[in-house]
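Shown next, in structure tokens, is the structure this report addresses.
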Amino acid sequence: MQNLWYKNAIVYSLDVETFMDSNADGVGDFQGLTQRLDHLAAMGITCLWLLPFYPSPNRDNGYDVMDYYNVDPRLGTLGDFVEFMHQARERGMRVLIDLVINHTSDQHPWFQESRSNPQSRYRNYYVWSTNPREDDPNLIAFPTVEDSLWDYDEQAGAYYLHHFYKHQPDLNIANSLVREEICKIMGFWLELGVSGFRIDAASFVIEGIGIPGANQENLQIFFDEMRGFLASRQGDAVLLAEANVSAEEISTYFGQGNRMHLLFNFLLNQYMFLALARQAAEPLRYGLRTLPEIPSQCQWLNFVRHHDELTLDRLSDSERQEIFDAFAPEENMQIYGRGIRRRLPPMLKGDRRHIELTYSLMFSLPGTPLLRYGDEIGMGDNLRLEGRTSVRTPMQWSDEPNGGFSDAPPDQLTRPVISEGEYSYKQVNVAQEQRDPAALINWIERIVRIRKQCPEFGYGTLHILETDDPCVFAHCCEWSDRAVIAVHNSADRDCTVTLNSTDYEHLFDLFGDRPYEALNDNKAIPLSPYGYRWFRVNQTH
Ligand code: GLC
């Protein structure tokens, strides 16, 4: 019997730095996170994804690593990490960590050695050129911030490659010594108990642009090597790739089931937002039809928002504009000409029905669901903060000073807590919502509980169901002689929808936006405005 834990997991991502500060220095830390594990366990989370916590100059939220074998001293020690791992395991939670291997910080000793000593073994850890090719502007990751893929280094007397910020020189993945280092890093953290890695910027890792003589096939084979190494050390550990790529490129990441276990579902995410903006089902149907079949042991990681911008670069200009018009009409809400730097609740004007509809969709689409810290309480954003920081404010635990995140004076906080307006910690916080049975946190707990009882969504085969209402998206997931159906009304009006399918006799209500009367006639399904219902098929209990 197949038992692939990641197919029915509930993943929660957080940044240790902004989650909970235990020592009043204004920075979240591992001891603080450990104290809050019961909050996550009570919500039913089964797997944590930690954003980078390595020593770092922190000029890209920790995605600029200085030492892969340690914990940023501001966040704690390796000892604190091991204690945290122990406590997470006690609560049945697995831990994935970010592995940033496309680049290091320019402060990493490898780069310091590489730039200053041409004879050093570290010289070819990076990509140097005295005469770099002209840039393709489409390849620059932060187009409004950087203007080239190459930067001249006085000390080295040459240009180095960087797809991201210029303080993040790209590692040379064509170099077998670099590959060995990366496996060694994985081996280290596996020994400390992690269940796998999020491979940051995976598409850039294997692209090979700018690496002289790089052979793409050879670069892609690196994923097979990583997988082989991982399997040899820990059979149930997984690789999760961050790769926002076209449908045709997806097979490069999954291979024949011998590369990445999981891939962020960027394509479906963008079509989901188009469906929400249009209040129509078609974009979702289109998005799902566009996705290729994936090997049975592989999986999609579905999400609403993560720590970066909501990127809309896979859509046409006019589709992207529709989403901007609906959810981010002001320029300050947009970023890099391709995305939105807001959290979901303010995008949806705080409409609880619309927020539930969105999460209900995400939790029921084929794949594994990902929540992000603060989603459970409906946290907002702070558009006065620069760039992506708008959605990276500290967790709001209570209505105490600093939202209960830290006892430090507010001006010492790593980032300000949201303290004004309807998303202020005074209104939106864990303690307050836990006292209120109707609050979002209790709804999230409920959807997690029901989702865990529906492995069909995680393991099953998808059938998109035709309906007679263009606003209603209906789908069925079948697995191991059982099936669930979910029906979502993307419009702000009542409707009764007919499913054009005769394959089932009885639909049993599992979950919905309100208690509905049991169906007499399986064909006519009433739905409230932005209503949603999940059913189990052909069962009476
Ligand atoms: C990924 C991360 C992002 C970071 C970039 C460079 O896209 O999600 O936050 O800036 O990689 O490491």
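Predicted model, so just to flag it, every value in this text is computed and none were measured. In listed order, ligands and their atoms are each counted from 1.
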Does Tyr165 have a non-hydrogen atom less than 4.0 Å from ligand 1? no

Mark the output for His103 as yes if a heavy-atom distance to ligand 1 is under 4.0 Å, and as no if none is. yes

For the residue pair Arg305 and Asn269, confirm or rule out a side-chain donor-acceptor distance under 3.5 Å. no

Under a plain distance cut-off of 3.5 Å, with no hydrogens placed, do Asn172 and Asn124 share a side-chain donor-acceptor pair? no

For the side-chain hydrogen bond (donor to acceptor under 3.5 Å, both in side chains) test, which of Gln334, Arg342, Arg338 pairs with Glu309? Arg338

Could you tell me whether [X] approaches ligand 1 through its side chain, its backbone, both or neither, with non-hydrogen atoms closer than 4.0 Å?
| X | result |
| --- | --- |
| Glu242 | side chain |
| Glu309 | neither |
| Phe204 | neither |
| Arg198 | side chain |

Would one find more than 12 heavy atoms of other residues, nucleotides or ligands at under 6.0 Å from atom CD of Gln321? yes

Sole residue of Asp308, Asp15, Asp381 in salt bridge (Lys or Arg N to Asp or Glu O under 4.0 Å) with Arg392: Asp308

Nearest non-hydrogen contact to atom 3 (C) of ligand 1 from the set Asp308, Val65, Asp60 belongs to Asp308

Ranked by distance from atom 1 (C) of ligand 1, the top protein heavy atom is Asp200 OD1, 2.7 Å

Counting non-hydrogen protein atoms only, what is the nearest one to atom 5 (C) of ligand 1? Give residue, atom name and distance. Phe164 CE2, 3.7 Å

For ligand 1, which atoms have a heavy atom of Arg392 less than 4.0 angstrom away? 9 (O)

Per-atom filter on ligand 1: closer than 4.0 angstrom to a heavy atom of Phe142 are 10 (O)

Should Trp49 and His307 be marked as a ring pair (Phe, Tyr, Trp, His ring centres under 6.0 Å) after you check the CA-CA gap, both sets of side-chain angles, and the distance that decides it? CA-CA 12 Å; Trp49 151 32; His307 64 291; 5.8 Å; yes

Would you please classify the geometry between the Phe223 ring and the Tyr253 ring as parallel, tilted or perpendicular, with 30° and 60° separating the classes? tilted

Under 3.5 Å, is there a donor-acceptor pair between the side chain of Gln412 and the main chain of Gly26? no

Hey, is ligand 1 close enough to Gln168 that some N/O pair sits below 3.5 Å? no

